[in-house]
Every structure is written in C-alpha cells, then in structure tokens.
2 protein chains.
Amino acid sequence: MIPVQKLTFKQQQLLVREAAIINAVHGLLARKGYDLMTMDEVAAEVGIAKASLYKHFASKESLAAAAMIHLIENTLAHVRALPPDMPAIDQLRGILRWALEIRLQGGLPMLPSDNKFLRESLLENPQYISRVMDLNELLAGLIEAARAAGELHQHLPVEVILLTIYARSCDPSVDYLKMMDVHDDEQIVEFMLATCFGGLSGMPQSV
Amino acid sequence: MIPVQKLTFKQQQLLVREAAIINAVHGLLARKGYDLMTMDEVAAEVGIAKASLYKHFASKESLAAAAMIHLIENTLAHVRALPPDMPAIDQLRGILRWALEIRLQGGLPMLPSDNKFLRESLLENPQYISRVMDLNELLAGLIEAARAAGELHQHLPVEVILLTIYARSCDPSVDYLKMMDVHDDEQIVEFMLATCFGGLSGMPQSV
DNA sequence: GTCTATACCATGATAGAC
DNA sequence: GTCTATCATGGTATAGAC
C-alpha cells in the first residue's frame, strides 16, 4: 500500500478517472451485456475520447475484467461486514437477498453469465480468480456451518450449494418476472429466496 | 398440410436441406451461442455456400428463430407423449430431467438465455410465441394439478413455478459442475432436480 | 494523456454468372 | 438454387499531433 500523502495530484486524478471508467462500464455491462457494450459508448459515457480509454486499459476484455474484479471486491466487503454471530443460514439468505436487490436495481450478478469469451478470459485472470477463491472460501465456511446446524440439505455437496447460490444471483427468472410486471421487486426477491432455499415442492418457508 | 404425394422431388430435397441447416444451427447454437455463431460456420458445417443459406433463411435472426421453434416443437411433442395417468409432479420432474439430459449431451436449453437481441426478436415472432404459449399452458396445467395434490408449494404463483422450471433448464450451475468434472452427468441431473424441487434447506427428497 | 482521424478486420448480407 | 467474389457496416485498436 502506498501512503496517501505520497500520491501526487496527477496520480490521484488518474485513480478518480479510472474509477469513473469502471463505474460506467459497470452500468453498461448490466444494461447491455458485454457483447453489446462498445468502447465508443464507454468513452461517451465517461466523457473522454476512445483512444484515452486505451491508455488506461489495454483492451475491452481487461476493462470488463476490472469491472468484474471491482464487483467481487464489493461482494467480499459486504460478506466480511456481516455480523459473525448471525446464524450462518441467515447470513447466506442475506447475501443472496442483497445480491438480488442490487441486480433488480440495475446491477450485475455475481456470476458472469453473460458471454463465453468473457467467462473464459476471466478464468485466466489471476487477480479475478484469487478474489473469487476468497469469496468461495468464505461462503463455503458459511455453508458448512449452516449444514452442521441442520439448516441445509445434508446430502448435497458444498460446491453444489455454493454454485446454486451463485446461479440464483444471475437467474433469468428475475428478468422475466420483472418484465411481466405483476410483482414488485420485494416480492420477486422473496420468490427467489423461497424457491432457492425452500424449493418448489413445499417446505413451508416464509414467502 | 400438403399431401405427401404432391411434393415434388425438389421440394422434398429442399425440406431435407433445411432440416440439415437447422440441425447444424442447433449444434452451433448450443456450442457457441448466438453471438459467436457465424453464418460462415453454419454454411461450412452444412457443406453449402453462405449465399445459399440466404436463399433458405432471410437472416441470421430468422435462422436462429427456426432452430428455436424446432426445439419448442420437440419439447411439446415430448410433453404431449407423457402418460396422462402419471402424477403431475412426476411429469414435471421428468420434463426437467429430460431437458437437463439433453443439455448435458450438448443440446440447447428450453429458455433462450443466450442473447438479448435474440430474446427480443423471438418475443416478436408470432410462430415462436404461439408455440411457447402452448407449452406454457400444458405445463401450467401440470403445475396446478401437482399443487392441488399437495406436491408443490401452495403459496407460490404458477408463473413463478413455471419460470423456475424453465430457468433450471438453462442453469449455469450445470456448466460449472460439468467443468469441475467430479460428478457424472447423472449425478448432476439429480443435484439439479433436488435443488429445484427440494431446495437447499432440506426437505428429505431423493438425491 | 488527451484528442482527431484512421487502419484493420470480422462478419452479415448481396450481385451476378451458371 | 448453387456457387465465387464482393460489398457494407460496425467495432477494436492505434498513429500522430498537441
């Protein structure tokens, strides 16, 4: 970590601008997806020339990667900030609720479900992978705790439960339900939580 | 319907070729997705020139639409062929199992989760929509029957259950589980069925 | 490091001969 | 209706001046 006072004004300006770029990318990625997002649009939204973009990020791919890394870091911070004395199952439900609420407000899902190229390039990005592994570890710990407490299915492997929670954060049902416009956002979140944890078959969960 | 004997040899040949085209598109769509599938590839896989492709289908969009319509018709046929005396919940589980097995063997999911453009263009295609509505009606009937039999959550709206089943057929968890390569296809299907109907929280279903 | 202008390429679509 | 050859568009990336 570089001490703050050692940052020149120019360096700070650079960081601010890069933050603005990532912010714009985050919004465009959520609205249009990776393929339909063009570098022209990014430049226009930030208010700089396209060539300047390439001074900050080497490619469209690395730009998207930076945005996804930022997203994972946000998620990590949120998970770490949860009260440790809260029951693990409630923490897990809370994390999914939080992710779904962000997505319904126009944010990105945790799992990159968008584009195969992007997915593969991210899987080769060590920065991204290391953060995803951190998050995986945290969540796996919660899953094991909740399962030990009898709150999760005893015979499902941890990785299946973990993947299921990730997958719910990018579930297309949310888009279609929103499109149908008969339930409000809060109800949609409750439906997703109910179907994810309770399942379709019953188990009288709160809904 | 045109009587078979009225079809000239040329007309039959045309139908065979179009079937071959749709077949190739089906495979490419499943392997690469809509965006990454190019018309050059389609032509190459069928073994005809690209320009010939455009004699059969006006655009890439209409080509994909034809493949998706074909897929829905397959699904409709499968659902209609189910024994009517089977309990509704078993029919629903069987449909999802069937869809997942096809997908694991390299087929397409029922729900077009691939591309926003494609999704929107399909929603404006009356042929596609009418078949989807037929399928929706069939499945909604099964869902209502299963719910009346106490086999499905009483407080979830039919459309939520319907969307959830569709969404499971294109769940990215399947890809990631397959990628991890620690469970075989059959196990993956069972996990998906367990998490879909039983949920993560327990409800001692078969797994 | 920012800009304008442009190279370069992939790809959807078409012309025109046979 | 099939082919070869070509066009047109749009989008990533870069050159070069300031």
Side-chain angles (χ1 to χ4, degrees), chain A residues 7-25 28-29 31-68 114-122 124-125, chain B residues 7-25 28-29 31-68 114-122 124-125:
Chain A
L7 284 177
T8 67
F9 176 69
K10 282 218 163 183
Q11 283 172 318
Q12 288 189 39
Q13 223 183 14
L14 190 108
L15 288 179
V16 167
R17 172 146 299 183
E18 296 204 339
I21 293 174
I22 288 181
N23 208 48
V25 170
L28 281 167
L29 230 39
R31 285 202 301 279
K32 319 190 62 172
Y34 180 76
D35 292 315
L36 271 53
M37 176 188 86
T38 71
M39 296 300 268
D40 292 82
E41 283 172 324
V42 177
E45 185 146 327
V46 180
I48 62 175
K50 189 166 49 168
S52 306
L53 223 50
Y54 282 91
K55 296 287 179 183
H56 293 276
F57 298 92
S59 66
K60 182 181 179 181
E61 225 174 59
S62 72
L63 195 50
M68 293 304 297
D114 193 78
N115 172 288
K116 280 188 183 171
F117 268 176
L118 181 59
R119 207 148 79 181
E120 281 167 27
S121 97
L122 280 174
E124 286 169 9
N125 185 321
Chain B
L7 284 177
T8 67
F9 177 70
K10 283 218 164 181
Q11 282 173 320
Q12 288 187 41
Q13 224 182 14
L14 189 109
L15 287 179
V16 167
R17 172 146 301 182
E18 297 204 338
I21 294 174
I22 288 180
N23 209 47
V25 170
L28 282 167
L29 230 38
R31 285 202 302 279
K32 320 191 59 174
Y34 180 75
D35 292 316
L36 271 53
M37 176 188 85
T38 71
M39 296 299 268
D40 292 82
E41 283 172 323
V42 177
E45 185 145 328
V46 180
I48 62 175
K50 185 165 56 164
S52 306
L53 221 52
Y54 280 91
K55 297 285 179 183
H56 293 275
F57 297 93
S59 65
K60 182 181 180 182
E61 225 174 57
S62 72
L63 194 50
M68 293 305 296
D114 192 78
N115 171 286
K116 280 188 184 173
F117 268 178
L118 180 59
R119 208 146 80 180
E120 281 167 27
S121 98
L122 281 173
E124 286 168 11
N125 185 319

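Within every chain, numbering begins at 1; the chains are lettered A, B, ... in the order of the sequence lines, protein sequences first and strands thereafter. Hydrogens, waters and symmetry mates are skipped; everything else that's a heavy atom, side chains included, is used.
A 4.0 Å heavy-atom criterion places the boundary nucleotides of DNA chain D facing chain B at D:dG1 to D:dT4, written 5' to 3'.
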Side-chain donor-acceptor pairs under 3.5 Å in residues 17-25 of chain B, sequence neighbours left out?
residue : atom : partner : partner atom : Å
B:E18   : OE2  : B:H56   : ND1          : 2.9

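Scanning for side-chain contact (heavy atoms from CB on, under 4.5 Å) contacts around A:K116 gives an empty result, with sequence neighbours left out. Judged as a side-chain contact (heavy atoms from CB on, under 4.5 Å), and not counting sequence neighbours, A:A51 has no contacts. Residues passing the salt bridge (Lys or Arg N to Asp or Glu O under 4.0 Å) test with B:E120: none are found, sequence neighbours excluded. In this structure A:D35 satisfies the side-chain hydrogen bond (donor to acceptor under 3.5 Å, both in side chains) test together with A:N115, sequence neighbours excluded. Scored by the side-chain hydrogen bond (donor to acceptor under 3.5 Å, both in side chains) test, B:K32 finds B:E41 as partners (sequence neighbours excluded).
B:M68 CE to B:L122 CG: the interatomic distance, rounded to the nearest 0.5 Å, is 6.0 Å. Here the CG-CG distance, from A:L118 to A:L29, works out to 7.0 Å after rounding to the nearest 0.5 Å.
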Between the protein and nucleotides 11-15 of chain C, which nitrogen or oxygen pairs come in under 3.5 angstrom?
residue : atom : partner : partner atom : Å
C:dG12  : OP1  : B:K60   : NZ           : 3.1
C:dG12  : OP2  : B:M39   : N            : 2.7
C:dG12  : N7   : B:K50   : NZ           : 3.3
C:dA13  : OP2  : B:Y54   : OH           : 2.9
C:dA13  : OP2  : B:K60   : N            : 3.0
C:dA13  : N6   : B:K50   : NZ           : 2.7

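Scanning both residues, A:S62 and A:F57, for their nearest heavy atoms gives OG-CB, 3.7 Å.
Under the salt bridge (charged side-chain N to carboxylate O under 4.0 Å, His left out) criterion, the residue pairs touching residues 49-66 of chain A are A:D40-A:K50, with sequence neighbours excluded.
End-to-end axis angle of the helix from C:dG1-D:dC18 to C:dC18-D:dG1, using five pairs per end and rounding to 10°, comes to 20°.
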